[in-house]
Every structure is written in C-alpha cells, then in structure tokens.
S.K.: 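Mind looking over this structure? Questions follow.
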Amino acid sequence: MKLNETTLPFLEVDCIQQFGQEKGKLIFEQAEKIYQELLNNADYRNNAAIQNHLQLKLFPTLAYYKALRGEGINQNEALEYVRNETHKAANVQKEEMKKLGSMPFAYTIYRLGVKKHMRKNFPDDGWTPEWVKCNGKEIHFNLHNCIYWELTKMYDCPELCCVYCENDDISFSGLLPKIRFERTGTLGNGSPYCDFHFLKVR
C-alpha cells in the first residue's frame, strides 16, 4: 500500500505546494519511506479493523509528521502541517456523516447501530469502551484505552495524538442538526479517558 491509497491521497500535491517542488518532493518521499517501514513492522493483532486503522489513518499521519520533524521543522509547525492534512480527510468523513444526519429518525438509527459499529470497527484489541448511556436522549461512552494514544506514545510522538482526536469534532459535526457531538477531554490531552457524547437535538 502507498500513501496515495490512504486517507491522505492529496499529500504529495500538498507537500509540493507548501514547500516547493524540490523540498516538497523530498518530504513526501521520506514520508513514503517511513510509512513503508511502519507497515513492515506493524502488529495488526490479527484484526482486520486494526489493520484498517493503522494502514489508512494512523500510519500515514505519523509518517508525515516524522518526515517533517526529520527535516528540522519544529514540533508546533509540524503539528500544524499535519493538522491541515488530516482536517481535509476529516471533512471528507463529515460529508459522509451528513447523509445520516439528514435522515428522518437519525438519532434512533444511530443509537440502534452504535454498539455494533463500535464492536466491529473499534475492537477490544485496540480500544476499551465503557458504556455509560445509550437511551432516547444521549449516547455516552468512554474509551479508557485507544490504539492511537498507545502507538503515538510508542513511536515517541504523544503530542500527535491530539490531532487525531480533533478529527472527531470535524467528522461528527456532520450529524447536525439532528445529533450534536460533545466531549470534555481525551487521553491525548491528559484526561483519564476519551469521552464521547452524542445528544439528540431533534
């Protein structure tokens, strides 16, 4: 798999636009190299959902960040470059969410499917959910472990985790006006868990 097959298919073009032909190409090629190394050493825990997360979402962003830092770009600037790329990907997901958000009985549909969706796409091998509420007014669960937090720490860039978390705010905003997403903290910003609240609006 190559970077242009992930959630960042626009990365090469954006690198060249941002840094110029020579440096942009160099940064992208280095990101591609790091990405391939991550794939070669990955532990997918015999789980297709985890493999999907790592190949398509987690590793592409991590590789780009490592490439930027390797070129001497400081942490804050590198995070901002990465943030710009991942926000573009999150906005694609937001448009997908709008399809559900515009449906009649959107909240009911979401509530009835959310636990099955979590079991399939966020399995216990990578996430530890605690279900707090799942009623006619609010869906609330906490994640006490998250593979994004785990691996960003393992690869010595825990500061990157917050960028992944920000994408939730963008993508889930597509559920408006029927469902409002709220949270108070994440593992990445120092909270004891990531809380997810989906509130029925109308």
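Every heavy atom of this structure was used, including side-chain atoms; hydrogens, water molecules and symmetry mates were not.
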S.K.: Can I139 be reached from L112 by stepping across I, L, V, M, F, W or Y side chains whose heavy atoms are under 4.5 Å apart?
M.R.: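 Each belongs to a different hydrophobic cluster.
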S.K.: Measure from the side-chain N and O atoms of D195 to the backbone N and O of T184, and report whether any donor-acceptor pair falls under 3.5 Å.
M.R.: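 Here the side-chain-to-backbone pair exists.
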S.K.: Would you say N46 has more than 12 foreign heavy atoms packed within less than 6.0 Å of its CG?
M.R.: no
S.K.: For the pair T61 (side chain) and L58 (backbone), establish whether a donor and an acceptor sit closer than 3.5 Å, ignoring hydrogens and angles.
M.R.: no
S.K.: Is it true that atom OH of Y193 has more than 12 heavy atoms of other residues, nucleotides or ligands lying nearer than 6.0 Å?
M.R.: no
S.K.: Look up atom CG in L26 and atom SG in C15, then write down how far apart they are to the nearest 0.5 Å.
M.R.: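 Reported to 0.5 Å precision, the distance equals 10.0 Å.
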S.K.: Carefully, step by step, assess F19 and Y81 under the rule ring pair (Phe, Tyr, Trp, His ring centres under 6.0 Å).
M.R.: CA-CA 11 Å; F19 302 104; Y81 286 130; 4.8 Å; yes
S.K.: Using modelled atom types only, decide if a donor and an acceptor are shared between the side chain of R119 and the backbone of P123 within a distance under 3.5 Å.
M.R.: no
S.K.: Just verifying a value: how many Å separate S173 OG and I179 CD1, rounded to the nearest 0.5 Å?
M.R.: 12.0 Å
S.K.: Taking all non-hydrogen atoms of both residues, which atom of C162 and which atom of G188 are closest, and how far apart?
M.R.: SG-O, 3.4 Å
S.K.: With respect to E138, which candidate in K133, K200, R111, R180 satisfies the salt bridge (Lys or Arg N to Asp or Glu O under 4.0 Å) definition?
M.R.: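 The passing option is K133.
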S.K.: Looking at Y35, is its backbone amide N or carbonyl O close enough to the side chain of Y64 to form a donor-acceptor pair, meaning the two atoms are under 3.5 Å apart?
M.R.: no
S.K.: Is the distance between the ring centroids of Y110 and H117 under 6.0 Å?
M.R.: no
S.K.: For the backbone of E37 and the side chain of N41, can you confirm whether one donor and one acceptor N or O come within less than 3.5 Å of each other?
M.R.: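 It does hold such a pair.
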S.K.: For residues V92 and Y164: do they belong to one hydrophobic cluster (side chain heavy atoms under 4.5 Å, members Ile, Leu, Val, Met, Phe, Trp, Tyr)?
M.R.: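 In one cluster with V92: Y164, no.
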S.K.: Can you measure from CD1 (I16) to CD (E12) and round to the nearest 0.5 angstrom?
M.R.: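 With rounding to 0.5 Å, CD1 (I16) is 5.0 Å from CD (E12).
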S.K.: Between N40 and Q36 (side chain of the first, backbone of the second, donor and acceptor by atom type, cut-off under 3.5 Å), is there such a pair?
M.R.: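 Yes, because the side chain of N40 sits within donor-acceptor range (under 3.5 Å) of the backbone of Q36.
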S.K.: Could you pull out the closest heavy-atom pair between V114 and C134, with the gap in Å?
M.R.: CG1-SG, 4.1 Å
S.K.: Identify the heavy atoms of I73 and A78 that sit nearest to each other, and give their distance.
M.R.: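 Minimum heavy-atom contact is CG2-N, 3.6 Å.
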S.K.: Mind checking whether F10 and I170 sit in one hydrophobic cluster, side chains of I, L, V, M, F, W, Y counted as touching below 4.5 Å?
M.R.: no
S.K.: Please give me the minimum heavy-atom distance between N121 and W127, naming the atom from each residue.
M.R.: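 Distance-wise, the nearest heavy atoms are O-CZ3, 4.1 Å.
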S.K.: Which value, rounded to the nearest 0.5 Å, describes the distance between E77 atom CD and R69 atom CZ?
M.R.: 10.0 Å
S.K.: Consider only side-chain heavy atoms of I, L, V, M, F, W and Y, link residues closer than 4.5 Å, and tell whether L54 and L39 are in one cluster.
M.R.: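 Cluster IDs for L54 and L39 match.
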S.K.: On a heavy-atom basis, which atom in L56 and which in T6 lie closest, and how many Å separate them?
M.R.: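 Taking L56 first and T6 second, the nearest heavy atoms are O-CB, 3.6 Å.
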S.K.: Can you measure from CD (E32) to CD1 (I27) and round to the nearest 0.5 angstrom?
M.R.: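 That separation rounds to 14.5 Å.
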S.K.: Given the rule in the side-chain contact (heavy atoms from CB on, under 4.5 Å) test, do L160 and Y155 qualify, once you have shown the distances and angles that lead to the verdict?
M.R.: CA-CA 10 Å; L160 183 62; Y155 286 105; over 6 Å; no
S.K.: Scan for salt bridge (Lys or Arg N to Asp or Glu O under 4.0 Å) pairs involving residues 48-67, sequence neighbours excluded, and state none if there are none.
M.R.: none
S.K.: Search all heavy atoms of A49 against all heavy atoms of K120 and return the closest pair with its distance.
M.R.: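 The answer is CB-O, 3.3 Å.
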S.K.: Evaluate Y65 against E159 for side-chain hydrogen bond (donor to acceptor under 3.5 Å, both in side chains), listing each step before the verdict.
M.R.: CA-CA 11 Å; Y65 182 67; E159 67 278 5; 2.5 Å; yes
S.K.: Does atom NZ (K33) have a neighbourhood of more than 12 heavy atoms from anything else shown, all under 6.0 Å?
M.R.: no
S.K.: Does E5 form a salt bridge (charged side-chain N to carboxylate O under 4.0 Å, His left out) with K2? I'd like the steps, not just the answer.
M.R.: CA-CA 5 Å; E5 300 173 277; K2 301 289 186 180; over 6 Å; no
S.K.: Considering residues at least two apart in sequence or located in another chain, which fulfil the side-chain hydrogen bond (donor to acceptor under 3.5 Å, both in side chains) criterion with Q17?
M.R.: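 Result, side-chain hydrogen bond (donor to acceptor under 3.5 Å, both in side chains) vs Q17: none returned.
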S.K.: Considering residues at least two apart in sequence or located in another chain, which fulfil the side chain to side chain contact (heavy atoms under 4.5 Å, CB included) criterion with V132?
M.R.: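 V132 satisfies side chain to side chain contact (heavy atoms under 4.5 Å, CB included) with E130, H140, N142 only.
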S.K.: Side-chain heavy atoms under 4.5 angstrom apart, residues restricted to Ile, Leu, Val, Met, Phe, Trp, Tyr: same cluster for L62 and M1?
M.R.: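 Both belong to a single hydrophobic cluster.
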S.K.: To the nearest 0.5 angstrom, please state how far the CG atom of N145 sits from the CG atom of L187.
M.R.: 7.5 Å
